[in-house]
Enquirer: 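This is the structure I have questions about; it appears just below.
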Amino acid sequence: MAEAHYHSLTFDASRCTACLACLRGCPTQAVRVTGGRARMLDDRCIDCGACITLCAEGAVRPLTSSLAELTQFDYTIAIPSPALYTQFESDVSPGVIHAALRRCGFDDVASLSWSCGAVTHAIEFVLAERRNGYPWISGFCPTVVRLIQVNYPDLIDHILPVVAPREVAAREAKRKVMAKTRLAADRIGAVYVTPCSAKMVSIIDHPGLDRSHIDSVVSIRDLYHLLKPAIREAADDGIVRSEPETAAGMSWAFSTDLPSSLPAEDTLSVAGLPNVVRMLDDIEKGKLGKYALIECHACPEGCVSGALTIENQYVARARAIRLRHSLREDAPIDRADLLKRHQAGEFLLTRPIGAWPGAAPDRDLAGAITRMKQRERIRAYLPGIDCGACGAPTCDAFAEDVASEQAEEQACIFVRQRQIEGIVKHLAHLVSPGGAVTDSPQTAAGCGQPDSLPAASCAVPAAKGHQ
Amino acid sequence: MAGQEIRRSYVIHGGDFANGGRASTALKDLLKVLAVPADVMRRVAIASYEAEMNVVMYATRGTMNAAISPASVSVTVEDEGPGIPDIGLAMQEGWSTATHEMREMGFGAGMGLPNMRRNSDQFEISSEVGHGTRVWIRVAVPER
């Protein structure tokens, strides 16, 4: 049994109607429906949040924190994803949103702009140091990292070993607050305001880091109704400090645009899980070796379209582009100092990222081949229409489930129907004048069934025996 | 274990750039399900893709046949096409007969055949001008 992985969402059985929406829409086939309830396969789910969006019953819940949970800290710092700035009317500036976050109870608000700029430089340092015929794949989207851990174990070594701007921002903000307040590190809560549940994954179980610098994650969706009135009040107050966000910071909120200081001909940006999958497939074939860096977002428009955002994703994207034009350029950065810090490892991941054992269920190839043959035998008598009625997303997945004894073949309604047809044929054979008339009552009695029951339930083995 | 082998056959259409690469992707996905070691998978993926794209670029039609056993993965790509007059020349890095259009699409760097050889443990190529070309590669699976 593979060790359990942390997941940032949970299925609420009491709300699930087994409608199969999540089963059909899950990009990694990580949902099964058994006993009328959907459940997640621990070693296949990559926390993309597609099921959260697809479930009309609200049965898939993100496991982000509530504001009430933040009382455990003496001092809280909100660290907004740049996506937050795209969720309100265009005249609401990042500065107003920061003021509104303070009104909602945060003691401090830290912008990602400095760390986005710093991380961009760190990426340049890494790109200058190491090229090996493969592009680096950005690992800032936790879902993309999980996708690679589950389905692309051979590409793990090509995940860019640079720490995400949100982590750098949390570390720097906590340092500042510790110096200012003299509080111990564990009394200060760095709270990421997130557009998706996947960021929970990176604080509980951060691949490549011993531990995350972020202590808690609150979703834009949960904060939205508090921020709306707080923004009105903050705007009325008129006390907005200088704009905290910069153009560079906004670039990180959406796809199709890279950190502006990287040479465009060396980098590609891809968004949306199916597109990321195609990109990773091409990288595996050795097709994209001339690129230095490929930036991957699991969500279709990047972070502005995360499952826990409120605003229409295209409206949000348009606002991000507008904001990037109107905000000032990068926060001032001392590149020489940054290089020193980079060389000291401040912006680098500290541990190797591991593949998931689920990606390799059989330790030896001979066992895997035997199981594949078994799976092919089962697959041959399935209808191939991927109806989902068995509770697996495709006939292939169902064949695999049966081969690995996770499901029974009778869960397929077509297999059952064929068995019933066999029984009917057998019964017809028994009663027809030309049939070998043996004594169906005796057969039934021989099965030990009460006389009142139809013989069908015990005729299955007999029917098989005739074929 | 005799007979413990998975076989797959894929059809490749010459000139079909839109679908070029599907056969090697399908083979790669199968190797992943079988949890073939990552390095073996990677080498087969690169070599089979190069072989597939050679059919797409130069031949009329072809087939890719793969066999996966506990000891190795072997891939045979055969095509009906113009054939290669001088294999020794074609095996040289940087030698290519790709058209300008192919080069614009990122192919034709003259690395296809050398890449296949580099990414396999055994490599065989035979060709008959006017009839077609056959490439066979084998990647050994190291003992675990």
Side-chain angles (χ1 to χ4, degrees), chain A residues 2 28-29 43-44 132-134 147-158 268 277-291 353-377 379 394 396-397 399-401 403-404, chain B residues 1-8 17-53 66-73 105-107 109 111-112 114-116 118-119 139-144:
Chain A
T28 56
Q29 305 196 334
D43 59 359
R44 298 227 38 99
N132 60 358
Y134 275 86
L147 175 67
I148 293 172
Q149 288 178 295
V150 172
N151 278 351
Y152 297 87
D154 55 311
L155 295 181
I156 283 180
D157 291 344
H158 305 296
L268 292 175
V277 164
R278 281 177 54 185
M279 189 61 94
L280 297 178
D281 281 339
D282 279 353
I283 296 173
E284 273 188 334
K285 291 175 188 162
K287 274 175 87 171
L288 297 163
K290 68 173 179 172
Y291 292 96
I353 298 173
W356 283 18
D362 288 284
R363 290 230 63 81
D364 69 310
L365 186 52
I369 288 173
T370 306
R371 198 162 70 137
M372 176 59 73
K373 292 211 162 242
Q374 166 74 353
R375 174 176 154 172
E376 285 174 350
R377 271 193 295 277
R379 177 64 186 79
T394 62
D396 278 334
E400 170 65 21
D401 288 354
S404 56
Chain B
M1 242 184 293
Q4 282 300 358
E5 197 174 73
I6 302 270
R7 288 175 175 276
R8 287 284 190 280
F17 283 88
N19 290 302
R22 290 219 172 168
S24 47
T25 298
L27 174 59
K28 176 165 67 73
D29 289 346
L30 173 68
L31 296 183
K32 276 186 195 170
V33 174
L34 291 169
V36 166
D39 184 56
V40 175
M41 201 241 15
R42 186 184 59 76
R43 294 169 72 205
V44 174
I46 294 173
S48 65
Y49 174 68
E50 296 282 7
E52 180 179 5
M53 290 316 294
I68 303 128
S69 77
S72 71
V73 179
M105 293 171 81
F107 299 105
M111 294 305 291
N115 255 341
M116 283 178 233
R118 188 173 313 123
N119 284 290
V139 179
V141 178
E143 298 268 339
R144 274 194 262 199

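Chain identifiers are assigned alphabetically (A, B, ...) following the order of the sequence lines, protein sequences preceding nucleic acid strands; residue numbering begins at 1 within each chain.
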Enquirer: In Å, rounded to the nearest 0.5 Å, how long is the span from CD of Glu376(A) to CZ of Arg7(B)?
Expert: 12.0 Å
Enquirer: Which heavy atom in Arg375(A) sits nearest to a heavy atom in Val33(B), and how many Å separate them?
Expert: NH1-CG1, 3.4 Å
Enquirer: Measure across Ile369(A) and Ile68(B) and return the closest heavy-atom pair with its distance rounded to 0.1 Å.
Expert: CD1-O, 3.5 Å
Enquirer: Using only atom types and a distance under 3.5 Å, with no angle test, would you say the side chain of Lys32(B) pairs donor to acceptor with the backbone of Asn151(A)?
Expert: yes
Enquirer: Roughly how far, to the nearest 0.5 Å, is the OG1 atom of Thr25(B) from the CZ atom of Arg278(A)?
Expert: 10.0 Å
Enquirer: Between CZ of Arg22(B) and CG of Asp281(A), what distance do you get to the nearest 0.5 Å?
Expert: 11.5 Å
Enquirer: Check whether more than 12 heavy atoms from other residues, nucleotides or ligands sit under 6.0 Å from atom CZ of Arg8(B), and answer yes or no.
Expert: yes
Enquirer: Checking Lys285(A) side chain against Glu50(B) main chain: does a donor-acceptor pair fall under 3.5 Å?
Expert: no
Enquirer: Only one of Lys28(B), Arg42(B), Arg43(B) passes salt bridge (Lys or Arg N to Asp or Glu O under 4.0 Å) with Glu284(A); say which it is.
Expert: Lys28(B)
